[in-house]
Amino acid sequence: MALFFYSLVFAAVALATAKDGGSDGAASNHGPQPDPHQFIAAKPTDLRAPCPGLNTLANHGYLPRTGRNITVPMIIQASLDGFNAGVDAIQPFAKFGLLSSNDPTTMNLDDLKLHGLIEHDASLSRLDAALGDSLHFNEQQFSTLANSNPGVDYYNTTSAGHVQRDLLAQSIRLNPTQTNSPKEFKIRTRESAFYLSVLGDPLTGIAPKKFVQIFFREERLPIQEGWKKPKTLITAATLGALQTVIVANANWTATQACETEILGPALTL
Ligand code: HEM
Ligand SMILES: *[C@@H]1O[C@H](CO)[C@@H](O)[C@H](O)[C@H]1NC(C)=O
Ligand SMILES: *[C@@H]1O[C@H](CO)[C@@H](O)[C@H](O)[C@H]1NC(C)=O
Ligand SMILES: *[C@@H]1O[C@H](CO)[C@@H](O)[C@H](O)[C@H]1NC(C)=O
């Protein structure tokens with residue numbers, strides 16, 4: 001009886017030692033840790049935005065993959081971790097976006113489709129709200145950007161300005177309720193500075209076409225294709241410098257003054 005008892009204890013100790021001992025044993029018992037930032041496409045129950053940037057952060061787990069209950073500080077931290085975008089570049093957009101939600105402190109990503117807040121006509125990859133689905137990626141709409149800057153394998157501030165010019169002309173042609181005030185133009189050219197910076201170089205504004213296309217089409221960081229998070233912090237100043245060149249290449253004139261202020265889903269001024 002006593003012998004049996006001691007054998008049991010010995011066996012248990014031996015087992016525990018084997019488990020905790022070598023690193024090989026530990027690895028085979030627990031397996032490799034899954035990367036918390038691996039790409040996982042959104043499930044049908046997950047919510048996404050009209051913004052490829054926020055969607056990519058959610059698809060890589062920098063933001064909640066559900067796309068729900070997202071705060072301004074969460075967006076600021078996710079943008080820094082995922083894109084090396086600093087607080088002064090992100091905070092104004094994030095605070096503005098919070099107005100799209102009925103909750104005082106959180107938003108769901110699909111709240112951001114609220115037309116006239118940030119969401120605007122003449123987008124790079126979404127239809128005008130009056131013409132169709134302004135929330136999800138649209139390959140036809142994206143073809144203007146996809147086919148821009150022919151002959152080279154990168155987009156830059158010149159091509160980004162030309163794309164803005166051409167998409168605005170298309171939107172004015174197709175959409176009888178088109179809105180093109182200084183506000184939309186500022187937001188649109190800022191967003192173009194964003195994709196050149198995140199997928200390319202925040203100082204030169206040169207971004208490989210392949211990376212930009214994967215970002216828009218799949219809302220995925222093209223890590224396996226060779227993309228690396230920018231070493232240069234993306235700031236309001238770096239975005240502004242690129243935006244100035246994009247603006248200069250967009251041949252823009254307002255077709256109307258600033259419109260009604262949207263202050264929430266059920267409040268305009
Ligand atoms: C984190 C860095 C971000 C990047 C790289 C980024 C990038 C972009 C780009 C490239 C677009 C243009 C999409 C298109 O025209 O088809 C866009 C649109 C948009 N972004 Fe972001 N964005 C970022 C952060 C934010 C934040 C913080 C908000 C607000 C909370 C936001 C809200 C929007 C909205 C509502 C649109 C739709 C505009 C439209 O096309 O009508 N974005 N973003
Ligand atoms: C998210 O917000 C909803 C509605 O405000 C709330 O019912 C829910 O409990 C929240 N979920 C989490 C995980 O905080
Ligand atoms: C962008 O690329 C095109 C095509 O190579 C080139 O003509 C243009 O000068 C470039 N723009 C900038 C700002 O370098
Ligand atoms: C630039 O804008 C002017 C005035 O809106 C227009 O007449 C001209 O055709 C435009 N140029 C290009 C290249 O789009």
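Remember, it's 1-based here, ligands and their atoms both numbered in the order they're listed. Values in this document were obtained by computation on a predicted structure and should not be read as measured data.
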Looking at atom 1 (C) of ligand 2, is any protein heavy atom nearer than 4.0 Å to it? yes

Yes or no, since that's all I need: does a protein heavy atom fall within a distance strictly under 4.0 Å of atom 9 (O) of ligand 2?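 Under 4.0 Å from atom 9 (O) of ligand 2, zero protein heavy atoms found.
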
What is the nearest protein non-hydrogen atom to [atom], stated with its residue, atom name and distance?
{"atom": "atom 6 (C) of ligand 3", "result": "Asn156 ND2, 4.2 Å"}
{"atom": "atom 11 (N) of ligand 2", "result": "Asn69 ND2, 3.0 Å"}
{"atom": "atom 13 (C) of ligand 3", "result": "Thr158 OG1, 3.3 Å"}
{"atom": "atom 12 (C) of ligand 4", "result": "Asn251 ND2, 3.2 Å"}
{"atom": "atom 3 (C) of ligand 3", "result": "Asn149 OD1, 3.4 Å"}

Does this structure show an ion pair linking Glu225 with Arg220, if we count only N-O contacts that are shorter than 4.0 Å?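 Salt bridge flag = yes for Arg220 with Glu225.
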
Do any N/O atoms on Thr157 end up under 3.5 angstrom from N/O atoms on ligand 3?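 Checking ligand 3 against Thr157, no N or O pair falls under 3.5 Å apart.
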
Taking atom types as modelled, find out whether Asn175 and Thr177 have a side-chain donor-acceptor pair closer than 3.5 angstrom. yes

Looking only at the aromatic ring of each residue, does the gap between the centers of Phe83 and Tyr62 stay below 6.0 angstrom? no

Is it the case that the ring center of Phe137 lies less than 6.0 angstrom away from the ring center of Phe142?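 Yes; Phe137 has its ring centre under 6.0 Å from that of Phe142.
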
Atom 5 (O) of ligand 4: which of Leu168, Thr253, Thr255 has the nearest heavy atom?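 The residue whose heavy atom sits nearest atom 5 (O) of ligand 4 is Thr253.
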
Would a distance-only check, ignoring hydrogens and angles, find a side-chain to backbone donor-acceptor pair under 3.5 Å from Asp103 to Thr105? yes

Say whether Tyr154 and ligand 3 are in contact under the criterion: heavy-atom distance to a ligand atom below 4.0 Å. yes

Out of Glu184, His120, Gln178, Gln141, which one pairs with Ser171 under the side chain to side chain donor-acceptor pair (under 3.5 Å) rule?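 The option that passes is Gln178.
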
To the nearest 0.5 Å, what is the distance between CG on Leu57 and CZ on Arg65? 11.0 Å

Once the angle between the rings of Tyr155 and Tyr195 is folded into 0 to 90°, is it parallel (under 30°), tilted (30 to 60°) or perpendicular (over 60°)?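 The rings of Tyr155 and Tyr195 stand perpendicular, inter-plane angle above 60°.
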
Which of the numbered atoms in ligand 3 are under 4.0 angstrom from any heavy atom belonging to Val152? 5 (O)

